[in-house]
Amino acid sequence: MDKTRMQTRMLIALAGAGSAALLLGAFGFQYLGGLAPCAMCLWQRWPHAVAIALAAVGIALPHALVAVAGAVSVLTGAGIALLHTGVERDWWTLNLACTGGAEDLGAMDVTALLDPTQGAGIVLCTEVAWSFLGLSMASWNGLASLVLAGVWIAAAWSSLKKG
């Protein structure tokens, strides 16, 4: 196997491992740390799952198109994370069930509004469940996703080089 294909495979494996680590971290916070995810947190997991699948394909078939698809996947995740960060920081508002908008309350009758068990399973996207150095999990995921996009792009570039 030539050096260029091996380098491409290694970069793809690294990018896939990064997405796997982020997913494992999210599941760890959820199942070991007891932090239930909001809807937008769950959305952020899907691009990493796709990136892991693409990494499996890319290790077997190290091609620039696979690497570009991996980059698009994690960039999508970074976009969702940025959107979530903006919701958490009140940079913008979204009319989603997880943001606790007035339309959610309007759909409930008076008895449901007074029932303390109603909505107990709803985790609001506007509330930060955990932060480190002033950044929420969504913010950290967005930054990590941008780094992983760089690794995927490096893999694509490596694949295009002539050994």
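Scope of the values below: all heavy atoms of this structure, side chains included, with no hydrogens, waters or symmetry mates. What you see is a predicted model, and the numbers here were worked out from it, not measured in a lab.
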Atom [atom1] of [X] and atom [atom2] of [Y]: how far apart are they, to the nearest 0.5 Å?
{"X": "Ser19", "Y": "Leu14", "atom1": "OG", "atom2": "CG", "value": "10.0 Å"}
{"X": "Leu160", "Y": "Thr4", "atom1": "CG", "atom2": "OG1", "value": "10.5 Å"}
{"X": "Ser159", "Y": "Gln7", "atom1": "OG", "atom2": "CD", "value": "10.5 Å"}
{"X": "Met6", "Y": "Ser158", "atom1": "CE", "atom2": "OG", "value": "11.5 Å"}
{"X": "Met137", "Y": "Gln30", "atom1": "CE", "atom2": "CD", "value": "9.5 Å"}

Find out whether [X] and [Y] are in side-chain contact, i.e. whether some heavy atom of one side chain is under 4.5 Å from a heavy atom of the other.
{"X": "Met40", "Y": "Glu88", "value": "no"}
{"X": "Trp91", "Y": "Thr85", "value": "yes"}
{"X": "Trp157", "Y": "Thr8", "value": "no"}
{"X": "Gln44", "Y": "Ser145", "value": "no"}

Please say yes or no: joined through hydrophobic side-chain contacts below 4.5 Å, possibly via intermediate residues, are [X] and [Y] part of one cluster?
{"X": "Trp140", "Y": "Phe29", "answer": "yes"}
{"X": "Ile12", "Y": "Leu54", "answer": "yes"}
{"X": "Leu133", "Y": "Val147", "answer": "no"}

Could you go through residues 57-81 and list every donor-acceptor pair under 3.5 Å that involves a side-chain atom there, pairing it with any protein atom two or more places apart or in another chain?
{"from": "His63", "atom 1": "ND1", "to": "Leu65", "atom 2": "N", "distance (Å)": "3.0"}
{"from": "Ser73", "atom 1": "OG", "to": "Pro47", "atom 2": "O", "distance (Å)": "2.6"}
{"from": "Thr76", "atom 1": "OG1", "to": "Val72", "atom 2": "O", "distance (Å)": "2.8"}

Under a 3.5 Å threshold, yes or no: a donor from one side chain and an acceptor from the other, between Asn141 and His84?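 Short answer, no.
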
How does the hydrophobic cluster around Tyr31 look, that is, which other residues are in it when side-chain heavy atoms under 4.5 Å mark a link? Leu23, Phe27, Ile52

